[in-house]
> 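Dropping a structure here in structure tokens format, bear with me for questions.
Every number for a ligand or one of its atoms is a count from 1 in the order of the listing.
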Amino acid sequence: MTGGRILLSVQGFNPQRWHELLSRSRTVVLEPDGPRDPSIEYAVVWKHRPGVLSTLPNLKIIFSVGAGVDHIFADPGLPDVPIVRVVAENLTQYMTEYIVWRVLDHQRQGATYRSQQARRIWHEPPQPPADAIRVGIMGFGTLGRAAAKALLSLGFKVNGWSRTPQSMNGVATFHGADGLDAFLNATDILVALLPLTPATRGIIDHKLLGKLNRDNPLGGAFLVNAGRGQLQKDADIARALDDGLIKEASLDVFETEPLPEKSPLWSHPKVFVTPHAAATSDPVHLVPSMLAQMDAFERGEKLQNLVNREAGY
Ligand code: NDP
Ligand code: OXD
């Protein structure tokens, strides 16, 4: 086998399938061959062992197994080499499905029907149409824009909030700290698809949730977070639900994962919990593009989906 060797360093899941697929083209190792292993040129990582990358003198590219790269920046000794993140149709499709599912469940009052069913109650509440509901997508990038497109096609009104100015036909866009309050005030269902960076950590707190629009046909505001758990303060969400600032929340991500058994969010009647499963990274779809990028890089071509180190995503 030719070409640089790959270090596969992951935590929290079994990397066997990644190993198998990457190994079809290149030599893959799970640990360097001793300190300062010169044979490793690429690293494929998810929450890698901190410090391990800085020992590799010939490391050329770090590939994230996911779209988010906060797990990479968590390493204080991160070497200064390009970082490539996941941008892939099938991951985007999974996330779009999750967002549409959760928004529809809130709009169509799934929680009310589940509670009625448990009590054998036959009652049809008022049904606000999609075009009476404004969904605000915080993080208007690859995933946010795809979700917006799907929601627009269902008739929802959509707002988008980003760091820099963005636009999309049919979407009211806002950006930066100056645009945040106007975005929140115009939002009934808040969807968080932000990356975790120093600027976004803890942004979804009690104060922010209080700025959402509650005067709408659903009779309250809603939160869907499928970005990162540390965007939110779990305790503030529970308090905002109890105070009535928000009516329900769909949470795929949490400050601590797995969500601790003692967290009140598990049993909160207004919270829908999924275990960081909104959009899974499927190696069958992702490994070919990683290998193709390694080959292209060795031919002197430009890398795709590079992370902006300064912005942190
Ligand atoms: P992108 O980089 O394509 O988009 C990120 C968006 O967030 C951009 O619109 C960006 O603004 C905006 N943004 C970043 N920082 C700020 C800020 N300080 N203020 C306002 N807006 C900001 O990322 P993706 O859409 O591909 O992914 C988003 C996140 O989704 C990932 O980082 C990851 O954390 C999460 N994710 C979660 C999964 C799950 O299973 N739960 C699966 C996959 C991803 P601008 O447009 O100006 O750059
Ligand atoms: C990702 C994730 O960042 O799965 O891709 O969280």
> Examine ligand 1 and decide if any of its atoms is less than 4.0 Å from a heavy atom belonging to Gly227.
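It does, in that a heavy atom of Gly227 comes within the 4.0 Å cut-off of ligand 1.
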> Please report whether ligand 2 has a polar contact with Arg228, defined as an N or O pair separated by less than 3.5 Å (distance criterion only).
yes
> Mind checking whether Leu196 has a heavy atom under 4.0 Å from ligand 1?
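False for this residue.
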> Pick whichever of Leu194, Leu193, Asn225 has a heavy atom sitting closest to atom 22 (C) of ligand 1.
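Closest candidate by heavy-atom distance is Leu194.
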> Can you confirm, on distance only, whether ligand 1 has an N/O atom lying under 3.5 Å from any N/O atom belonging to Gly141?
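Yes, Gly141 has an N/O under 3.5 Å of an N/O on ligand 1.
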> Which residue holds the protein heavy atom closest to atom 2 (C) of ligand 2, what is that atom called, and what is the gap in Å?
His276 NE2, 3.5 Å
> Just going by heavy-atom distances, which of Ala278, Gly139, Ala192 is nearest to atom 12 (C) of ligand 1?
Gly139
> Using a 4.0 Å heavy-atom threshold (strictly under), name the region of Ala279 that reaches ligand 2: side chain, backbone, both or neither.
backbone
> Considering distance alone, does some N or O of Ala226 sit under 3.5 Å from an N or O of ligand 1?
yes
> When you compare ligand 1 with Thr280, is there at least one nitrogen or oxygen pair between them that comes in under 3.5 angstrom?
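By distance alone, the answer is no.
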> Do me a favour and list the nearest non-hydrogen protein atom to atom 10 (C) of ligand 1 with residue, atom name and distance?
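Among all protein heavy atoms, the one nearest atom 10 (C) of ligand 1 is Tyr313 OH, 3.5 Å.
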> Quick check: does Gly66 get an N/O under 3.5 Å from an N/O on ligand 2?
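In this structure, Gly66 places no N or O atom under 3.5 Å from an N or O of ligand 2.
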> What protein heavy atom sits nearest atom 38 (C) of ligand 1, and how far away is it?
Met95 CE, 3.4 Å
> I'd like to know whether ligand 1 has Arg145 as a neighbour, heavy-atom separation below 4.0 Å.
no
> Is there at least one pair of N or O atoms, one from Thr197 and one from ligand 1, spaced under 3.5 Å apart?
no
> Can you figure out which of Gln166, His175, Arg85 has its heavy atom closest to atom 26 (O) of ligand 1?
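Nearest heavy atom to atom 26 (O) of ligand 1 lies in Arg85.
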> Consider every N or O of Leu143 and every N or O of ligand 1, then say whether any pair is closer than 3.5 Å.
yes
> Taking distance alone, with no angle check, do Val86 and ligand 1 share an N/O pair under 3.5 Å?
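Not met; the criterion fails.
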> Return yes when Tyr94 approaches ligand 2 closer than 4.0 angstrom through a heavy atom, no otherwise.
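Tyr94: no contact with ligand 2 (<4.0 Å).
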> When you compare the side chain of Thr142 with that of Met95, does any pair of heavy atoms fall below 4.5 Å?
no
> Of Thr164, Val69, Asp252, which has the heavy atom at the shortest distance from atom 41 (N) of ligand 1?
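Minimum heavy-atom distance to atom 41 (N) of ligand 1 goes to Asp252.
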> Give me the residue, atom name and distance of the protein heavy atom closest to atom 33 (C) of ligand 1.
Arg228 NH1, 3.5 Å
> Can an N or O of Ala67 be found at a distance shorter than 3.5 Å from an N or O of ligand 2?
yes
> Heavy-atom contact check, 4.0 Å cutoff: does His71 meet ligand 2?
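Flag not set, His71 not near ligand 2.
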